[in-house]
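Notes for the one structure printed next.
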Amino acid sequence: MHYDAKMKNRIKRVQGQLNGILKMMEDDAHCKDVVTQVSASKNALQRLIGVIVSENLVECVKTAEENNEDTQALIDEAVELLVKSK
């Protein structure tokens, strides 16, 4: 699978968020603010998982259809990956 610049930029943004959270902890920020930022980082990662799984699924289904293969197993696997990520 090809990971495009948008996906990589999402990871870089999360890295920045995590670095900010670490700084907040070092500065003894209020726990509510820290948890809010941790939650935002978690949500950003979950959205990225969804993007990666969906784009990979599209590629796999196209390949399977070209080879006259059943696509249901691919769809089931993608759904399982999304469920595991929750």
Side-chain angles (χ1 to χ4, degrees):
M1 174 166 174
H2 172 72
Y3 300 99
D4 64 22
K6 288 182 181 181
M7 290 181 197
K8 293 173 188 173
N9 286 337
R10 285 177 184 248
I11 288 292
K12 290 176 185 176
R13 263 185 261 131
V14 172
Q15 277 181 318
Q17 285 178 306
L18 294 175
N19 288 335
I21 293 167
L22 184 57
K23 174 105 173 74
M24 290 172 71
M25 291 174 150
E26 290 168 348
D27 294 343
D28 293 323
H30 192 278
C31 66
K32 180 181 175 185
D33 297 329
V34 172
V35 169
T36 298
Q37 291 304 312
V38 170
S39 179
S41 298
K42 175 185 156 199
N43 290 337
L45 286 171
Q46 286 179 320
R47 285 191 304 273
L48 178 58
I49 289 169
V51 169
I52 291 170
V53 170
S54 67
E55 290 197 14
N56 184 59
L57 179 60
V58 168
E59 288 178 22
C60 290
V61 167
K62 284 180 182 178
T63 301
E65 286 177 343
E66 290 170 1
N67 296 329
N68 294 320
E69 297 173 359
D70 182 26
T71 57
Q72 188 59 49
L74 296 170
I75 294 167
D76 293 344
E77 184 179 2
V79 169
E80 187 177 324
L81 283 171
L82 289 173
V83 169
K84 281 183 181 179
S85 72
K86 295 292 176 182

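With hydrophobic clusters built from ILVMFWY side chains whose heavy atoms lie under 4.5 angstrom apart, L45 shares a cluster with L18. Cluster membership check: I11 shares its hydrophobic cluster with I52, using side-chain heavy-atom separations under 4.5 Å among Ile, Leu, Val, Met, Phe, Trp and Tyr. V58 and V79 sit in two unconnected hydrophobic clusters of ILVMFWY residues. Membership requires side-chain heavy atoms under 4.5 Å apart, directly or through other members.
Listed by first and then second residue, the salt bridge (Lys or Arg N to Asp or Glu O under 4.0 Å) pairs that reach into residues 37-65 come to none, sequence neighbours excluded. Every pair passing salt bridge (Lys or Arg N to Asp or Glu O under 4.0 Å) that includes a residue from residues 9-25 is listed here, sequence neighbours excluded: K23-D27. Sorted by first and then second residue, the salt bridge (Lys or Arg N to Asp or Glu O under 4.0 Å) pairs with a member in residues 69-81 read E80-K84; sequence neighbours excluded.
Shortest non-hydrogen contact noted between C60 and L74 is O-CD1, 3.5 Å.
Taking H2 as the reference, D4 meet the side-chain contact (heavy atoms from CB on, under 4.5 Å) condition, with sequence neighbours excluded. Residues forming a side-chain contact (heavy atoms from CB on, under 4.5 Å) with V38 (at least two apart in sequence, or on another chain): I21, V34.
In this structure, the side chains of S39 and N43 come closer than 4.5 Å at one or more pairs of heavy atoms.
Side-chain N or O atoms of N67 include one that pairs as donor or acceptor with a backbone N or O of T63 at under 3.5 Å.
Here L81 is tied into one hydrophobic group with I49, V53, L82, each link being a pair of ILVMFWY side chains closer than 4.5 Å.
Note that CE of M24 is 10.0 Å distant from SG of C31, once rounded to the nearest 0.5 Å.
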